[in-house]
Structure formats: C-alpha cells, structure tokens
Amino acid sequence: MFRNRPELLVVLALTGCYNGNITDNYASIDARDLSGIAGPSALERKPVDFAPRATFATDNTLAALSYATSDIQDSKTVQGIFDRDDTSAGISIFTNLHDDPDEAVAPGLGPVMNQLSCVGCHRSSEIIDEFVDEADRGDLVSISNFRQSTPASRAHRIAPPEETKGHLLTIDGERNVETAAFTLFGDFDASDGRFNGLSIFGGPVFHVRATEGCNPDFIVPESQDPFLVGPLVTRVTAERAGPPYIGRGLMEAVYHGDISVDEDPLDQRNDFASEDPAVRLPPFNNPCGSDCISGRQNQSRMSDALVGGDPVVRLGRFGLRAAGPTIIQFVVGGTQGELGFTSVLQPSEPSNALNTSPTCVDEGPDPELTIDELRGLRDVIRLVAPPRPAPELMGDADANAALQADVEAGARLFGLDLDAWRGRMNGTVETDANVTRNEARGRAMDRQLNCSGCHTPILPTGISPAAIDEVSETLSQRWAPIFSDLLIHDMGGFPPGFDEAGFVAENEQYQGLSRNLADFALPGQGLAMGTEWRTSPLMGLGKIGPPFLHDARVYLNQPDPQFYYAHNADLDASGVPVSDRITPIDTFDEALIAVIEIHDLPTPPDTDGDGMPNYEACQTVGQGQSADHTAFCVRDSEFRSEARLVIEKWRALTRAEQLQVVAFLKSL
C-alpha cells in the first residue's frame with residue numbers, strides 16, 4: 001500500500017506499466033537468450049518435470065539439481081554445463097574454490113572481494129545436525145539438505161554457541177555472527193529517495209577480503225563523508241544474503257503480461273476471501289478500502305547493470321526487489337562484485353581509494369571471464385529445478401494419511417485451490433479454457449488467510465528464451481509452482497531515524513528479533529522504494545529451510561541462543577500466555593512461524609484472548625512521519641505492511657492451525 005505517499009502516483013504516471021510487444025525487438029534466438037525475453041503463453045500447458053525430492057540439492061550434479069526429464073538428463077549440451085571435470089563449465093566455475101596453492105588467491109580475483117567461489121554465498125549451515133534433535137526435524141524435511149553448498153542453498157548464517165565468528169564486519173568494526181551475507185552501504189536522501197552508493201569509498205558493496213598488497217574496503221566514518229549534507233540525508237547499511245536459485249529458469253520464462261496482470265498499485269481489487277462474510281477469519285473493518293494488497297511491477301534496464309545490455313525499460317522479476325529483468329546481470333554482478341572477476345559485460349574491477357598504490361596489482365589478464373563462461377553460469381542457475389512437492393501435497397498414493405490431513409488443512413488456510421493445483425501439477429489439466437484466472441493460478445475461491453494473494457501458487461510460463469532446444473522445451477508452456485506473483489509490495493517499516501533499539505528495549509515481547517523490513521540501501525533497484533520487496537518464491541522451501549529473509553535474520557540457533565523470537569499463541573498448561581515467553585529459534589517450525597510474523601510490524605496485543613487485536617492498547621512511540629501520528633500499531637498506521645490483514649488472521653488461528661500451515665509450507 002502506498003499510504004500517505006502521493007508522490008508515488010506521479011512515479012507511476014510517468015513510468016506507466018509497459019505492455020508493448022518487446023519480443024519484436026529481438027528476432028534472433030541468440031539475442032533473446034541473452035536478454036532473457038520470454039514469449040507469450042498459450043492455453044495448453046504441461047506440468048513441470050521437477051527434480052527428485054529425495055536427492056534434491058544433495059550434490060552439485062545434473063541429477064541432483066535439474067529436471068528429471070530425459071531431454072535434460074540425456075542432453076550432451078546440458079551435461080557439458082554440469083561437467084565438474086571441465087574447469088570452464090558453468091557448474092565448475094560456480095562451485096570451484098578460485099585459489100592458487102602457491103598464493104592466497106588465484107590471479108584474477110580481487111583486488112577486493114568477499115568470497116573465493118560463487119557457492120561461498122550459497123551454502124547452508126554445516127553444524128545444524130549438532131543441535132537439532134531428530135524429533136524436531138519433521139516428517140517432510142531433511143535437515144541434512146540444509147548442510148549443502150549448491151546453487152540451491154541459502155546463505156549460511158548461524159549463531160555459534162560461545163563466540164561470534166565469521167568474516168563480515170559491522171559498521172562499528174565488531175564481528176557479526178557467522179554469515180555468508182554481505183553488506184551494502186551508502187547515503188540515502190529521504191527528500192527525493194536517491195541513494196548514493198559511495199563508489200569513491202569502494203561502495204556500495206563492502207568487501208572484506210583483498211589480494212596481497214591491497215586493502216579491504218572500509219566504511220568511511222560519517223564525520224568524513226562529504227555527501228552527508230542536508231537534514232534528510234542519512235548513512236544506511238544493510239545486509240544481503242544469497243538466495244536459493246530454484247526455478248529461476250521457469251521465472252525467466254513467464255511472459256511479462258502474465259506478471260503485470262496481477263498488479264493493483266492503488267489497491268482497487270478486493271480478492272481477500274469469498275463473498276461469504278462467515279468465512280472471513282476474523283471479521284474486520286477494512287482499513288484500506290480493499291484487501292490492502294497493492295503489488296506493482298518493478299522496472300529497469302539491463303544496460304544499467306552491464307556493458308552492452310538491453311536499453312529497453314522492461315519489467316523486472318529477479319533479485320530481492322525484482323529490479324533485474326535478466327539472470328545474466330546477476331551472474332555479472334556476483335562474479336564482479338563478490339569475487340572481483342572482470343568480463344566483457346563488466347570490465348571494471350571493484351576497488352577503493354586505499355588501493356591506488358603500486359603495491360595493489362591485479363596480474364590476471366582482462367577480461368577474466370568469457371561470455372561463454374558467463375552464459376554457462378547463467379545456464380546452471382536457469383537449470384536448477386524445483387523439487388517435486390511432498391506426496392502429502394501432491395495427493396500421491398504413498399502419502400502419510402495423518403500428515404496429509406494437516407498439509408491439506410494448511411494449504412486451504414494458505415488460500416490454495418488443492419484440486420486446481422494438483423490437476424495442473426499432475427498433468428490431468430492441460431488447458432485454462434473456461435476457468436477463472438484464480439483457478440488457473442491455483443488460488444481458492446475462499447482464500448482464508450490469503451497468503452496466496454501475493455504468493456501466487458501457479459504462474460504460467462510462455463516461450464523460454466533459452467537457445468538450447470532441450471532447455472527451452474523443458475521450461476516453455478508449463479504450469480510453474482512458483483508461489484510468487486513476482487511483484488513488489490510495501491512491507492512497511494520504521495521511518496528513517498526511528499529508535500528501534502529503544503522501542504525493543506521498552507517492549508519485551510519484541511526483544512531479539514527486528515520487526516523492521518524497511519531498508520534504504522537502494523543501488524540500482526529500479527522503481528522500488530525502501531519498504532518494497534518482491535514476493536519471495538516458495539518453491540522448494542521444505543527442502544532448503546532456514547535462514548530466511550533478505551538478510552538471513554531468521555536462522556536456527558544453538559540451545560544457548562544469541563537470537564530470540566517471542567511466540568504469539570495460546571495459553572500454556574499453567575495459564576501463562578506463550579507470547580510472554582522469549583524462546584530461541586532452534587527448529588524449522590519455529591523459523592517458519594517467525595518469518596510469517598515478520599510479514600507485519602507488531603500489532604496490538606490480544607488483551608481478552610479472543611484472537612482479535614485491541615487497538616486501544618497500541619504502544620505510543622512518539623512522533624512519526626505525520627505530525628499527529630502517535631499510535632504505532634493501529635490498523636491504518638503508515639508503518640504497517642500490505643500483509644496486515646493476513647497476519648491478523650494468522651494471529652487469530654490456534655497453535656494447531658498455525659502448525660498446519662507450517663506443515664503445508666514444509667511440503668513445498
């Protein structure tokens with residue numbers, strides 16, 4: 001929702017929502033492949049072939065990561081992309097450690113970087129098994145899969161039991177928890193929304209490693225920053241975590257018109273639930289005039305990200321804020337920004353003002369990556385398939401009956417049309433003729449919680465831009481279970497300069513876990529504002545697990561935690577509200593519940609235990625952006641997210657019902 005922000009209407013009016021036939025600009029397959037331009041979708045589609053669930057992401061092999069179809073597994077071209085014995089193959093470049101036995105790093109890396117390999121930002125915890133009990137692992141998730149380093153892995157993050165470790169430095173020079181996330185820094189001007197990435201000081205990416213003779217980045221003290229001029233200009237820092245590259249080839253193949261059709265920037269469409277008021281859980285007085293969900297497309301140019309890129313302003317879909325129209329620009333950005341490799345698409349090397357001396361020399365010949373090697377990396381990402389959902393969700397004969405009942409109940413609460421979804425995933429439905437758009441996208445008539453209002457279960461793919469015939473066939477005209485609308489949404493957040501630490505200290509129930517999703521580090525983020533994020537795809541969620549969110553803030557803890565989460569649930573056996581306890585996140589279930597809660601800022605307490613928020617009990621937190629704003633958590637607060645009504649319904653569920661939603665999510 002763009003509440004109290006009329007300037008955004010001007011932005012929308014100026015940019016519009018592009019719906020031209022951009023495929024006409026690129027007649028050749030080669031040009032469309034590099035630019036990632038998908039063709040239109042048809043009525044007749046096939047189910048996705050999936051990757052085998054049991055072995056998904058257990059190794060960096062074609063069999064463990066990609067589609068089960070023989071077209072992919074038997075393709076000599078695809079096998080070459082996943083050939084670990086070929087050092088120039090995409091999978092080798094992605095997973096190999098780029099070091100030299102005789103040197104600290106191999107020639108070509110640096111002069112500054114964060115990792116020695118691509119997979120360094122795509123690895124999960126190596127020590128989870130040491131403290132997660134067998135009983136807590138659940139029937140649908142293999143904790144061992146959390147320990148892999150593959151393109152499908154999330155960024156590693158975990159709090160060690162005794163001392164903090166890791167390479168990532170915070171702004172005050174202290175060590176952060178062990179992490180493979182990286183830091184962005186720069187100056188943000190709230191008067192016009194501009195972000196200065198401080199490239200003169202090595203920004204916007206903070207590099208913590210350097211080659212011999214060179215120096216890592218430093219974040220210039222605010223007292224020495226010449227750009228902090230004006231009352232509304234502030235220093236901002238933010239962490240980013242590498243996402244799991246699951247189903248990105250399917251996302252790339254979705255035609256832009258099939259994404260933009262779900263836009264509702266002015267919140268004029270009410271899709272919250274069925275027309276029957278009896279199924280609205282709980283009843284509510286609508287604060288938005290509609291369903292509060294107002295997703296919009298992001299837009300950008302590929303030419304802004306790499307040399308020779310497509311100059312057309314196009315719909316974005318990749319990245320945490322959907323700022324990227326193509327996969328290739330993230331390949332270029334990662335190899336250059338995190339490892340320091342140059343290429344014909346990004347010939348400059350990351351550096352800083354400390355590395356202008358003759359001692360800082362990169363001896364590798366430029367460019368250090370060829371266009372074919374970049375394409376190979378892109379094709380690896382394109383070919384990582386979503387794992388087949390659990391049998392309990394698919395309705396398979398070998399499903400556990402008791403577990404299936406919970407999964408199905410959770411799916412209904414989520415807003416999934418099980419019959420429509422299963423029909424398309426199992427291949428019993430081939431066409432969308434004579435059905436509603438909601439049914440075609442797997443959304444139920446009664447959406448209950450309405451999680452599916454943003455996490456769209458099915459997006460149809462059109463014609464994949466992949467130049468490799470077998471890849472294009474595997475990705476084109478499919479029912480893709482992406483569980484995202486690929487739009488950006490206003491997720492709320494504290495205003496710049498808000499004393500979050502003071503608020504947390506005064507409100508015990510919120511201690512330990514930042515509820516603020518606003519983040520004003522905005523390098524090359526297209527139209528997205530600091531509170532806007534793309535709906536995260538949920539494909540493979542049950543096989544990948546924590547950490548969650550853009551900065552990996554929700555991760556599994558040791559039993560002696562450094563990170564906490566306050567449950568919101570029923571009374572315990574002694575009558576003490578569970579919400580009054582502070583508990584660590586040490587199970588997958590707790591991590592999922594925590595990340596759901598963070599979808600909205602704190603709501604008023606449920607003072608009478610009926611599941612309904614008491615707005616009169618809102619904490620007073622001082623002046624906000626509006627002169628008369630004192631109540632932080634009222635329903636029409638400018639700080640709350642588009643998910644406000646969804647989360648109010650979530651908090652009205654019993655603990656057992658919440659765990660049914662968790663069981664459903666773990667089945668993905």
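Please read all numbers here as calculations on a predicted model, not as lab measurements. We use all heavy atoms of the structure for the numbers below, so side chains are in, but hydrogens, waters and symmetry mates are not.
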Does E430 have more than 12 heavy atoms from other residues, nucleotides or ligands lying within 6.0 Å of its CD? no
Taking everything shown except R194 itself, do over 12 heavy atoms lie less than 6.0 Å from its CZ? no
Ignoring hydrogens and geometry beyond distance, is a side-chain donor-acceptor pair present between [X] and [Y] at under 3.5 Å?
{"X": "D86", "Y": "S88", "result": "yes"}
{"X": "E338", "Y": "Q115", "result": "no"}
{"X": "Q346", "Y": "S348", "result": "yes"}
{"X": "Q329", "Y": "T326", "result": "yes"}

Using a strict 4.0 Å threshold on nitrogen-to-oxygen distance, state whether [X] and [Y] make a salt bridge.
{"X": "E373", "Y": "R378", "answer": "no"}
{"X": "R388", "Y": "D49", "answer": "no"}
{"X": "D519", "Y": "R240", "answer": "yes"}
{"X": "R424", "Y": "D432", "answer": "yes"}
{"X": "R375", "Y": "D33", "answer": "yes"}
{"X": "R314", "Y": "D310", "answer": "yes"}
{"X": "R296", "Y": "E532", "answer": "yes"}
{"X": "D379", "Y": "R382", "answer": "yes"}

Check for a donor-acceptor pair, side chain of [X] on one end and backbone N or O of [Y] on the other, with a separation under 3.5 Å.
{"X": "N60", "Y": "I91", "answer": "no"}
{"X": "Q299", "Y": "G316", "answer": "no"}
{"X": "R123", "Y": "G120", "answer": "yes"}
{"X": "S66", "Y": "V384", "answer": "no"}
{"X": "T342", "Y": "E368", "answer": "yes"}
{"X": "S476", "Y": "S464", "answer": "yes"}

How long is the span from the [atom1] atom in [X] to the [atom2] atom in [Y], to the nearest 0.5 Å?
{"X": "L538", "Y": "L668", "atom1": "CG", "atom2": "CG", "value": "6.5 Å"}
{"X": "L34", "Y": "I371", "atom1": "CG", "atom2": "CD1", "value": "5.5 Å"}
{"X": "I246", "Y": "L65", "atom1": "CD1", "atom2": "CG", "value": "9.5 Å"}
{"X": "D258", "Y": "I458", "atom1": "CG", "atom2": "CD1", "value": "12.5 Å"}
{"X": "R209", "Y": "D217", "atom1": "CZ", "atom2": "CG", "value": "13.5 Å"}
{"X": "I259", "Y": "T456", "atom1": "CD1", "atom2": "OG1", "value": "10.0 Å"}

Measuring centre to centre across the rings, with the benzene-like ring taken for any Trp, is H122 within less than 6.0 Å of F94? yes
Examine H550 together with W533 and report whether their ring centres are nearer than 6.0 Å. yes
For H455, ring-ring contact (aromatic ring centres under 6.0 Å, His included) partners two or more places apart: none
State, with a plain yes or no, whether a side-chain heavy atom of [X] is found less than 4.5 Å away from one of [Y].
{"X": "F185", "Y": "V205", "result": "no"}
{"X": "V331", "Y": "L345", "result": "no"}
{"X": "Q79", "Y": "S75", "result": "no"}

All heavy atoms of G530 vs all of R321, minimum pair found to be O-NH2, 2.9 Å
Which atom pair, heavy atoms only, marks the closest approach of F50 to P387? CD2-O, 3.5 Å
With sequence neighbours excluded, residues passing side chain to side chain donor-acceptor pair (under 3.5 Å) with N355: N352
Given the rule in the side chain to side chain contact (heavy atoms under 4.5 Å, CB included) test, do E239 and L184 qualify, once you have shown the distances and angles that lead to the verdict? CA-CA 6 Å; E239 283 197 14; L184 297 174; over 6 Å; no
Hey, mind stepping through T531 and D490 against side chain to side chain donor-acceptor pair (under 3.5 Å) and telling me if it holds? CA-CA 5 Å; T531 59; D490 186 345; 2.9 Å; yes
Which disulfide (SG to SG under 2.5 Å) pairs, counting each pair once, include a residue from residues 296-360, with sequence neighbours left out? C214-C360
Should the pair F188 and F520 be assigned to parallel (<30°), tilted (30 to 60°) or perpendicular (>60°) ring geometry? tilted
Take R84 and T95, measure what side chain to side chain contact (heavy atoms under 4.5 Å, CB included) needs, and give me the verdict at the end. CA-CA 9 Å; R84 294 294 301 276; T95 59; 3.5 Å; yes
